[in-house]
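Read the structure below first, then the notes.
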Amino acid sequence: MEQRPASLAIAQKASEAFGIPLIDLNAFDHARIPMDLIDEKFMLQHRVVVLNKHSDRLDVALADPSSLGALNELKFKTGLNTQPILVENNKLTRLIDKLLRHHNSHALSALEAHLAETDLDIEKTPLLATDTDDAPIVRFVHKVLLEAIHSGVSDIHFEPFETSYRIRYRRDGLLYEAARPPQALAVRISARLKVIAQLDIAERRLPQDGHFKITVSPERSMDFRINTCPTIAGEKVVIRVLDPASAQMGIAELGLEEKQQELFLNAIQKPQGMVLVTGPTGSGKTVSLYTALGILNTEQVNISTIEDPVEINVAGINQVHVNLKAGLGFATALRAFLRQDPDIIMVGEIRDLETAEIAVKAAQTGHMVLSTLHTNSAAETLTRLLNMGVPAFNVASSVSLIVAQRLARRLCNECKRAVDIPEASLLQMGFSETELQLGFQIFSPHPSGCQRCHFGYTGRIGLYEVLPISAAIAHVIMQAGNSLDILRVALDEGLQTLRRSGLNRVQEGLTSLEEINRIIKD
């Protein structure tokens with residue numbers, strides 16, 4: 001008796017159990033596959049391939065009968081019924097790899113003409129002798145950078161794994177897969193990125209940092225910060241995309257509510273004191289600081305900043321880049337600033353007691369100090385300074401205002417949809433009975449979004465918690481109160497928490513409850 005391959009035997013049993021027809025992919029004409037019906041991400045995520053398109057039906061190959069949910073999503077995307085076709089798992093894997101390789105080769109061929117029509121100038125980019133041989137790699141890397149600029153992404157991740165390689169974009173705070181080049185190209189792609197940033201292409205054992213600039217048009221250029229890090233599967237490269245225009249917005253564009261905006265403006269325009277902006281990485285702290293600097297940047301004042309790195313170059317401001325190898329850290333630069341007749345000092349981040357003490361001293365001796373901390377709320381920022389070792393009196397007398405913030409994805413106005421949520425759930429989430437009685441509409445994103453958005457969202461809005469240091473809060477600090485004690489007093493004085501700010505945006509129809517619950521944990 002002829003022994004069947006294990007994969008075929010499994011597929012035949014699954015076909016009988018689920019009543020799904022089984023075909024041999026080797027006998028199928030791969031040229032007939034309509035590649036324009038589903039994207040690469042969907043194909044890889046769900047491991048399905050559309051084999052045929054009929055007038056009202058799609059024949060869809062899959063190896064796992066339990067993944068029928070993907071067919072419903074495909075039906076929703078295309079508006080056509082779906083007919084599952086069972087295939088052997090190993091043959092499906094080979095087919096997907098073949099289709100992706102074929103698609104990538106076509107993309108690279110089309111890319112050269114696209115780049116020829118694009119005004120792209122990468123500054124400080126020396127050519128190597130191997131550039132002629134690696135022309136497809138050069139074009140592919142340039143395409144990834146161009147797409148990042150046009151899509152408004154904040155970071156690009158080039159990630160090698162043992163048997164695969166992927167590129168992901170961070171857009172609106174979340175990572176999405178953008179491409180899966182062949183794993184064999186990983187070294188050449190990372191080498192090209194190092195060439196652009198003038199890094200050592202021979203050094204693969206140690207992390208490296210660099211930067212480069214792309215001139216998109218005569219009026220617009222983009223800065224890129226690059227970091228390489230060795231992993232067990234090769235070098236991972238992450239690029240931060242910095243658009244100078246995004247950090248040069250007015251106070252109105254930040255999204256502060258009227259009372260919060262008034263508190264913020266009053267604090268930064270004082271002759272001395274400290275304004276702290278807090279939140280996790282990627283919460284928009286840098287934009288808030290640069291907005292404040294833009295308001296304060298006049299001919300009558302001397303502004304100095306110490307940053308790691310300097311993300312946005314601003315005319316009229318003395319900006320210093322941290323250089324730890326040369327011994328130039330935050331504390332060293334701060335000491336130098338105090339001998340250079342400053343009016344306003346911006347410290348990229350308070351990381352240690354030495355930096356905190358010098359910043360506090362500057363705030364107490366006639367200077368306005370702006371800085372950031374990584375804490376979850378405004379009240380926790382004060383206890384963080386105390387835990388660093390800053391005396392309570394210095395904290396209470398130097399800090400003027402704390403702004404805690406987050407960035408929430410904005411709902412797409414074209415495809416957002418109204419949803420009904422039980423009142424009990426709304427009360428549990430933080431809405432009041434008065435608000436429910438007055439009534440308001442809650443919206444959610446369309447699952448697949450539309451042509452104008454990304455999965456139902458487009459852009460982001462700021463959520464803020466603005467805490468002025470009043471006499472009552474200063475008293476709590478002096479009495480060694482913890483963050484809960486500070487929060488209790490602040491709420492009595494009318495503090496609007498981050499969650500409350502988020503719920504207000506939900507009532508305005510700007511974002512969804514799902515998004516608020518994702519970014520604010522309390």
Is the backbone of [Y] close enough, under 3.5 Å, to the side chain of [X] for a donor and an acceptor to pair up by distance?
X      : Y      : answer
Glu159 : Phe161 : no
Asn297 : Leu293 : no
Glu203 : Leu206 : yes
Lys270 : Ser400 : no
Arg406 : Gly284 : no
Gln319 : Val314 : yes
Ser283 : Pro280 : yes
Thr355 : Arg351 : no
Arg171 : His454 : no
Asn323 : Leu328 : no

Leu385 and Asn394: CA distance, side-chain angles, deciding distance, side chain to side chain contact (heavy atoms under 4.5 Å, CB included) verdict: CA-CA 10 Å; Leu385 289 172; Asn394 287 341; over 6 Å; no
If you round to the nearest 0.5 Å, how far is [atom2] of [Y] from [atom1] of [X]?
X      : Y      : atom1 : atom2 : answer
Gln479 : Ile486 : CD    : CD1   : 12.0 Å
His150 : Leu145 : NE2   : CG    : 11.0 Å
Ile303 : Ile344 : CD1   : CD1   : 4.0 Å
Met346 : Leu296 : CE    : CG    : 11.5 Å
Ile520 : Leu463 : CD1   : CG    : 5.0 Å
Arg205 : Thr228 : CZ    : OG1   : 12.5 Å

Can you check whether [X] reaches [Y] side chain to side chain, under 4.5 Å on heavy atoms?
X      : Y      : answer
Leu487 : Leu495 : yes
Ser371 : Leu276 : yes
Thr497 : Leu491 : yes
Ile226 : Leu193 : yes
Met368 : Val275 : yes
Ser304 : Ile317 : no
Ile519 : Leu498 : no
Ile469 : Leu401 : no

Shortest non-hydrogen separation from [X] to [Y] and the atoms involved:
X      : Y      : result
Gln364 : Ser398 : CG-CB, 3.9 Å
Gly282 : Leu407 : O-CD1, 3.7 Å
Thr305 : Phe337 : O-CZ, 3.4 Å
Ala363 : Val369 : N-CG2, 3.8 Å
Phe264 : Ala292 : CZ-CB, 3.9 Å
Ile201 : Ala191 : CG2-O, 3.8 Å

Is there a donor-acceptor contact under 3.5 Å linking the side chains of [X] and [Y]?
X      : Y      : result
Glu465 : Gln496 : no
Thr375 : Thr381 : yes
Ser444 : Glu514 : yes
Gln405 : Ser288 : yes
Arg192 : His142 : yes
Gln507 : Glu435 : yes
Gln208 : Asn227 : no
Glu349 : His374 : yes
Arg499 : Asn517 : yes

Has [X] got more than 12 heavy atoms of other residues, nucleotides or ligands less than 6.0 Å from its [atom1]?
X      : atom1 : value
Arg166 : CZ    : yes
His321 : NE2   : yes
Glu258 : CD    : no
Ile232 : CD1   : no

Audit row: Ser377, Ser483, side chain to side chain contact (heavy atoms under 4.5 Å, CB included) steps and yes/no: CA-CA 9 Å; Ser377 69; Ser483 59; 5.8 Å; no
Let's go through Lys361 and His367 carefully: what are the C-alpha distance in whole Å and the side-chain angles of both, what is the deciding distance for side chain to side chain contact (heavy atoms under 4.5 Å, CB included) to 0.1 Å, and is it a yes or a no? CA-CA 9 Å; Lys361 176 184 176 183; His367 309 96; over 6 Å; no
Derivation and outcome, side chain to side chain contact (heavy atoms under 4.5 Å, CB included), residues Ile268 and Ile295: CA-CA 9 Å; Ile268 65 173; Ile295 295 170; 4.2 Å; yes
With Ile402, which of Ile473, Leu373, Val466, Thr278 fulfils side chain to side chain contact (heavy atoms under 4.5 Å, CB included)? Thr278
Quick one: are the ring centres of Phe440 and Phe431 less than 6.0 Å apart? yes
Hey, do the aromatic rings of Tyr176 and Tyr169 have their centres closer than 6.0 Å?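 Between Tyr176 and Tyr169, the centre distance exceeds or equals 6.0 Å.
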Given side chain to side chain donor-acceptor pair (under 3.5 Å), test Thr511 with Tyr457 step by step and report yes or no. CA-CA 8 Å; Thr511 190; Tyr457 296 95; 5.4 Å; no
Is Arg384 salt-bridged to Glu380, cutoff N-O under 4.0 Å?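 Answer for the salt bridge query: no.
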Option from Lys416, Arg410, Arg505, Arg409 for which salt bridge (charged side-chain N to carboxylate O under 4.0 Å, His left out) with Glu515 holds: Arg409
Would Glu354 and Arg335 count as a salt bridge (Lys or Arg N to Asp or Glu O under 4.0 Å) if you check the C-alpha gap in whole Å, the side-chain angles of each, and the deciding distance to 0.1 Å? CA-CA 11 Å; Glu354 185 181 16; Arg335 290 193 187 93; 2.3 Å; yes
